[in-house]
Every structure is written in C-alpha cells, then in structure tokens.
Number of protein chains: 2
Amino acid sequence: MSEVVGQFKPRPRGETRRRILNIAADWLQQRGYHGFSFAQIADELEIRSGAVHYHFRGKADLVEAVFARYREEFAWWCGQLPEGPRRSVDWVERFLDLEAKNIERGRVCPLGLAGVEFASLPAAACREAEALRDELRDWLTDTLHTGRANGELSFSAAPQDMAQLVMASAQGAIQLARLQSPGDFLKVRRALLASLGATAAH
Amino acid sequence: MSEVVGQFKPRPRGETRRRILNIAADWLQQRGYHGFSFAQIADELEIRSGAVHYHFRGKADLVEAVFARYREEFAWWCGQLPEGPRRSVDWVERFLDLEAKNIERGRVCPLGLAGVEFASLPAAACREAEALRDELRDWLTDTLHTGRANGELSFSAAPQDMAQLVMASAQGAIQLARLQSPGDFLKVRRALLASLGATAAH
DNA sequence: GTCTATAACGTGATAGAC
DNA sequence: GTCTATCACGTTATAGAC
C-alpha cells in the first residue's frame, strides 16, 4: 500500500521487540535492574520511551523476558557441545569460557545480578533466575559426576557441592574482575580447574 | 540551655550520622545502590530526606563512607582473630562464617554488589571497593600460604589464585543462596574446604 | 548546627494519534 | 498495529528556617 506509513519508520515485524531484548539484556547485565530506563532503550532505537510499552507491558515483563531468553540460550548452548575423549573437562572449560565472555562485554553473570538485586527484582524475573540456576546446577552436577566416573576429574566433595562451587566462583570471579582487575577471572579459573583435578587443556 | 531546641528532636552528636551509615549499609547490601533512596533512610529516622544531606553531601559520598567503613571493620576483624594450633583452617572457616552472616541479614557481600553495579557506582565508592578487595585478597593469600606451609592445608594451585577462588565463591554463594535456596552457601563451603584439603571442624 | 520546605529532574506508565 | 505526547510520582539536591 505505502512504503512509509505516517510519521514513524516501520521496522520488520518482531525486529523492534528483538532489539529491545538485546539492549535490555546489555544494560541489565552492565548496570543492574534499577540502573537503566526505558528512555535509554528508546534512545538507542531512536523512538520515544512510551513505544517500548507496546512491545512489553512494563519493565517487569521486559526483564522477565530477558531472563527467559537466557534459559533458552543456555539450552541451545548445551545442545551444541561436542562429544570427545575429554568430554567433561572440555565442557567445564567451555562453561568457564561462556561465563568469561561476559567480561569482554562489560557484563556480569545474570545469576549474580539476580542474587544481588533479589530483594528489589520483580518476582517473575526471580522465578526465571531460579529456574536458570537449577538448570545450570543440574547440567554441571551431571558433567562433574560423569567426569569423575570417567577418571577425567578428581575431587573429594560431592558433585553437586562442586557444581555449586563452580557456579558461585564463576559469577563471583566476573564481579571481582570488573573492579579494575581483569586478570582475576583467570586466577579463579586456574584454582578451580586445579581443585577439580583437571590439567589445563594446553 | 534548653532540652528541646526548635521543632526538631536533637540527638547525641554524631549519632544521626552513625545511624544513617547503618541504615544505608543495610539497604545497599539488600537492594543495591539504585535500590534505595534518601527518603527511605529519612523515614526510618523520622526526619525529612533533605536532612540526610547535612550529614552526607550526596548519595555518592554516603556510599563511599559505607565502603570505607567496611574496610575499617575488616581491619578490626583481622585484629581480633585468635592464634591456635589450626590457625589457618580456623581463620578460613571464620572468614566463611563472616560472609555467611550476610545471608541471615538478607545482605550480599559488598564486593559482589560493587562488582555487579560497577558501571553505575560512583567512582569513589569503586575505589574503596577495590581497596577492600585488595585487603581481603592479601589477607587470604597470606593465610592460605601459611596454612599450606604448616601442613594444615593441601592444594596444588598458587595461594593467590586460591585466595581469589575463596573470595569469588563466597560472594557468589551468598548470591545463589538468596535465590530461594539458603542451603547453597553450605554446599559451596563444603566443596571449598574439601578443595583446600581441610577437614571440617564439624 | 541541624533540619524542613521545595525545586528540578528522571522514572515507569497511559491515552490516544495515525 | 505501532509509536508520540503527556502524566503522576519518586529521586537527588538546594535554599533557607530556627
């Protein structure tokens, strides 16, 4: 009918929604739930802040959707892991790499964020974060358990306790690294792999 | 001269300032820098929000002072540790107890908070947090190093790497515990002590 | 010296234009 | 269906009362 309708620039269907999610995830992991506003998201998209409410009813819904997407992304990530002779060691290292990627982008782990802001985060977002934590924990527990049974790994604690240690230290290490000390993640990574009885991949 | 001056209730000199610091520390560790306001502090003290600005020039100064006090408290805490036959193991356990105390009070570790909100925290507060991190790391490194030399502890990684692991996992564990899972800290504690080659004091 | 009243601004959210 | 104009509220900060 017409290529440009009214006074606003139309975008491909679903495109704006996807962009909002990306920008929100970025801000959320960089500055926390209360550290960004609809106006900032709207500025990046060159629209008014009210327009964001068309795609997401409120900030709570937006952040819930961001956390839900983290879960989808993690499920996808799990599915693309390669099998191999050092499966468990490789997978743990890849998990640590995945967490470390946050540092380059100036982000923290979403779970760390949720833990810190728990008391002021919308309940629905907390539920998503808890589900993500469970999924990470179960995946790690299974991976560590298998690795020890294989003889790839060697540690004395229970696999689930060790899984919690890996999760907690990874998210804590990212936070320490942000405090003007980017090398801190690597130190934790070394100590963690040594504690798991895994020699570095090279 | 007079027992009640004007229309406000006078408090002992320095008392209001101290109370503001206490309340701010509580809110800060419970909800983050952007998660509380001067009005909320003022409400608890039954004064107007503007009055807080008499004691602290702005929110940045207030939070800087809170972080500075964490450093003082840690220095005091270090000074009151008892010597003994299991000095290093005991000290590490006491450190973990100190961190765990945050959970009971609904707080996270100040360093975790600073790491998460780093990008939107006043620069002066970040400097204080970095100094606190250095002090914790140095104390832990020394304690772990001594413990391994004593034969109390047994681990293969470098003491400083291990110190970072202890710090990171403690603050991460507190955050995980907040996500409706209070037992998570204990799991990390067990895995950590096992990785340090220390048997639990029970 | 200590606090109250009020300003100036930024926030999430809504009603309605097109 | 998508976005703009605008609102009511909460925020930090300042000026000045006593």
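Side-chain atoms are counted along with the backbone in the values below, which use heavy atoms only and exclude waters and symmetry mates. Protein chains get the first letters and strands the later ones, always in sequence-line order, with residue 1 at the start of each. The model shown is predicted, which means the values in this text are computed figures rather than measured ones.
H34(A) has no side-chain polar atom (N or O) that falls below the 4.0 Å cut-off from OP1 or OP2 of dG12(C). Under 4.0 angstrom from either OP1 or OP2 of dT2(D) there lies at least one side-chain N or O belonging to Y54(A).
H34(B) and S120(B) share a side-chain donor-acceptor pair at under 3.5 Å. Defined by atom type and a distance below 3.5 Å, a donor-acceptor pair is missing between the side-chain atoms of E152(A) and W91(A).
Counting to the nearest Å, the P atom of dG1(C) and the CZ atom of R17(B) are 15 Å from each other. The distance from atom CG of D43(B) to atom P of dT4(C) is 12 Å, rounded to the nearest whole Å. Taking atom CG on L45(A) and atom C1' on dT4(D), their separation rounds to 15 Å, with Å as the unit. The separation between R48(A) atom CZ and dT11(C) atom C1' is 16 Å, rounded to whole Å. Computed from coordinates, the I41(A) CD1 to dC3(D) C1' distance equals 16 Å when rounded to whole Å.
Pairs of residues two or more places apart, or lying in two chains, that qualify as salt bridge (charged side-chain N to carboxylate O under 4.0 Å, His left out) and include a residue from residues 114-129 of chain A are R71(A)-E128(A), R127(A)-E130(A).
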Nucleotides 10-13 of chain D: which of its N/O atoms have a protein N/O under 3.5 Å away?
{"from": "dT12(D)", "atom 1": "OP1", "to": "K59(B)", "atom 2": "NZ", "distance (Å)": "3.0"}
{"from": "dT12(D)", "atom 1": "OP2", "to": "F38(B)", "atom 2": "N", "distance (Å)": "2.9"}
{"from": "dA13(D)", "atom 1": "OP2", "to": "K59(B)", "atom 2": "N", "distance (Å)": "3.0"}
{"from": "dA13(D)", "atom 1": "N7", "to": "H53(B)", "atom 2": "NE2", "distance (Å)": "3.1"}

*Start with the C-alpha gap between R137(B) and D134(B), add the side-chain angles, then the distance that decides, and say whether salt bridge (Lys or Arg N to Asp or Glu O under 4.0 Å) holds.*
CA-CA 5 Å; R137(B) 182 200 53 214; D134(B) 292 346; 3.3 Å; yes
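At a threshold of 4.0 Å, the pair E104(A)-K101(A) does not count as salt-bridged, since none of the basic side-chain nitrogens sits closer than that to a carboxylate oxygen.
With sequence neighbours excluded, no residue forms a ring pair (Phe, Tyr, Trp, His ring centres under 6.0 Å) with H145(A).
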